[in-house]
Amino acid sequence: MILRTLAPAAAQREQLSGRLSEKYRALASRLAAVPPAARGAELEQSTRQLDSLAAEARTLRNELDKERLRRLGKTSVRTSFWGNRTAEVRLPLVWGATALDNIFSDRLLPDGEPVNRIRLDACRNEYEPGQFVISSLDYRGPVRLKLNALAHETDPAAKLTELTANFVKEIYASQNTVGFYRNPKSPLLRPAPATFPDMLSNDDTTMLEPGRSQPVWLTVRVPAGAKPGLYRGRVEVQTMFGVQPLEVEMRVYDVALPEVPIFRLGTWGSARLLANLAGFAEQPGFRDPRYWTLFEKVLRNMKEHRAYNFGDPPLWEIRNNIRITDDGKGGVEIDYSTFDRFPEMLDKVYGKGNWRVMSADIPLDAPLYGRDGKVKYNPFGRIQDLRKRYWNFDDPEFNAFAVKVLRNLVRHLTEKGWIGQFQFIYRDEPDPVMFANGRHVYKHLQKIAPELVYMNTLTHTGLIEGYPDVDIVVPAWTANEGMDAAIRNATAAGRRAIVYNNFSSYLDRSLLCTRTMGAILYNLGCEGFNQWSWAWSWDKRSNPYQDAFVDGYGPGEGYLVYFDPYTTEITSSMRWEQLRETAEDFDAFKLYEKLGGDPRRYTGRLGRDMVNFETDPQRFMEVRREFLADLEKLAAGRKN
């Protein structure tokens, strides 16, 4: 990463001014002297040296970029009220980037020569992101954006009109992601504490400061019925002293992604926690209508990103609203009035049958009441020992109770038409015997409803291989070769798998980590990807980007969307937008496979070269462009 920072200085070292040339040579010499230590105290010392050199390299790069900007910038004549010329003002420079570039505010120019154009490529029925940058040498003032429709090159009446643009704002992180999650071949983008570009602001105006850059995230929605071909248009950056245009070119390929995604993208966030933060209730009983308004807003945001709601809420969040009663006929009655509101909301947002899964932690530890209203069985009671009763299917009384609950639950889901939409999860209890007892739960469910989706957070290779009767295995993503092999063995045996962790959302990793996940998961044979935490909150009255999470995970994890507790507005992030690309790319690979192609011709290159793409994201786009052209060719052959 340091070498990339210094790349423009290295390319121009013979043309640098005396002061910059001296700085560059001294820095390059010190960098070459850092020993390539691999572990222990030597590694720590090398890391500290590299962090220090990285900071100096950024300072040198910023000075070099300012010198380059003076040569490249355009000026505008400033006039007085009476029309007299008063001064020349240097306008900001606008240059194109890719959606895979992490543009920090002190990065004023690209590594090479800036271009006044961005190119996008997409299938029909897809969102495609791009990015451009506004760099100021000495302009201080407001900046606004104007978006114009993109017109088809041979049919001007055909237009792409759904364009959105967001100013990218930096957020503060007090520490980088813990080291064992990082690929050692892929260095940090920037050592913390630092700010990182991530949040996509909904503001229509931003203030530009001298010597700083402002990245802008552009998204184009391509309708399913869009005419294939090349579209052109432009966006306009409006300043106090003039307008700077940026050309936009988009290729729409003659192939449409499925309306209902194949890929199962989800997160484990909770609108209940957002409701708490917004002050709806200290302990919401899910009776406050504002909660349901917020939950629907969350779901609609997820639908737009080809995602499903895995985790809001699992059944354990509403146990206090569930009453299980012995019906006196060998079965149980369960009050599902609260539970049903969640899948009913999913039906409303996605359409019945169009949503994939809703997680439910089976309430086997809920009390059982008799017809007289008295508690007959309570796993949390003082007399019973929780460790002996919870998940203990060797206990005949508990086993009988659990079977009654499972049969009632399956019957209810069948009557509602939700069978197969649900996945059942088991919380990671400290007691390892839970996994062994969990096997009995699977056994009962398979007898009662083999078409249901089952799931567990099996975090060890042995556990994955030890559950051959599990339809969906959800391992933690560890980038571990043993885990990868276990996943491949499971999927080769016909078992469906979803990778579960927040591997791709770290701020100290390139966006390539997210974008290449579609290829990596396809190579592993997985059908989905699930994130840990969903929302980051901010408090506009104090530090706008507080270093804390709604879901309680530590800094550096789960950066997906941002939530304003005062307006309950949801603001997207660069990584949340890229996760949609993970889902869309995966669906495109599956479509290519359906048409008779071998996606591994491309997924192998994309997944294997992730680290290299971090220093050359444009190369990633070229490989993807090659794949889309091949996909279009296969689709055309099928039509003919």
Side-chain angles (χ1 to χ4, degrees), residues 272 283-287 292 313-347 352 357-427 429 431 433-434 436-456 469:
R272 181 177 73 100
Q283 296 293 331
F286 305 112
R287 297 184 180 89
W292 294 100
L315 209 54
W316 63 268
E317 284 195 349
I318 53 176
R319 279 208 180 108
N320 291 337
N321 295 280
I322 293 179
R323 187 177 180 87
I324 302 176
T325 306
D326 190 329
D327 64 3
K329 304 174 184 178
V332 295
E333 295 174 356
I334 303 178
D335 177 7
Y336 289 107
S337 56
T338 301
F339 175 85
D340 284 352
R341 295 192 68 175
F342 293 91
E344 286 168 357
M345 183 67 79
L346 289 163
D347 282 348
K352 190 159 184 73
V357 288
M358 175 180 175
S359 60
D361 194 349
I362 302 171
L364 299 183
D365 55 354
L368 172 66
Y369 293 85
R371 304 302 294 179
D372 58 2
K374 295 182 179 179
V375 175
K376 292 182 62 177
Y377 168 71
N378 182 2
F380 291 105
R382 293 181 180 178
I383 298 176
Q384 288 85 354
D385 181 353
L386 178 61
R387 285 289 167 215
K388 293 180 180 179
R389 301 299 296 269
Y390 185 47
W391 300 107
N392 188 356
F393 280 83
D394 294 329
D395 183 322
E397 181 183 353
F398 181 87
N399 190 85
F401 166 68
V403 170
K404 290 179 183 180
V405 172
L406 294 175
R407 290 189 181 279
N408 187 286
L409 191 55
V410 169
R411 183 174 67 249
H412 178 77
L413 294 177
T414 303
E415 291 172 353
K416 289 287 188 176
W418 294 328
I419 199 79
Q421 299 277 33
F422 278 75
Q423 64 183 12
F424 294 100
I425 66 173
Y426 300 94
R427 289 173 293 163
E429 295 294 326
D431 187 353
V433 78
M434 164 273 215
N437 289 333
R439 189 187 300 273
H440 293 292
V441 178
Y442 288 127
K443 196 174 296 183
H444 283 299
L445 281 171
Q446 284 201 316
K447 288 179 182 178
I448 298 168
E451 67 273 43
L452 274 174
V453 176
Y454 308 118
M455 165 188 165
N456 204 322
D469 55 340

Test item: Y369 and E333 side chains (from C-beta on) under 4.5 Å apart, heavy atoms: no
For R411 against V332, the heavy-atom pair lying closest together: NH2-O, 4.4 Å
Plane angle bin for H412 and Y336 - parallel if under 30°, tilted between 30 and 60°, otherwise perpendicular: parallel
Inter-residue atom distance I324.CD1 - F401.CZ, 0.5 Å rounding: 4.5 Å
Gap separating the CZ atom of R341 from the CG atom of L346, nearest 0.5 angstrom: 13.0 Å
Closest non-hydrogen atom pair, R371 against D327: NH1-CA, 3.7 Å
Separation of N408 CG from I334 CD1 (nearest 0.5 Å): 4.0 Å
Heavy-atom closest contact (A449 atom, V410 atom, distance): CB-CG1, 3.6 Å
Side chain to side chain contact (heavy atoms under 4.5 Å, CB included) between F339 and E344, intermediate numbers included: CA-CA 9 Å; F339 175 85; E344 286 168 357; over 6 Å; no
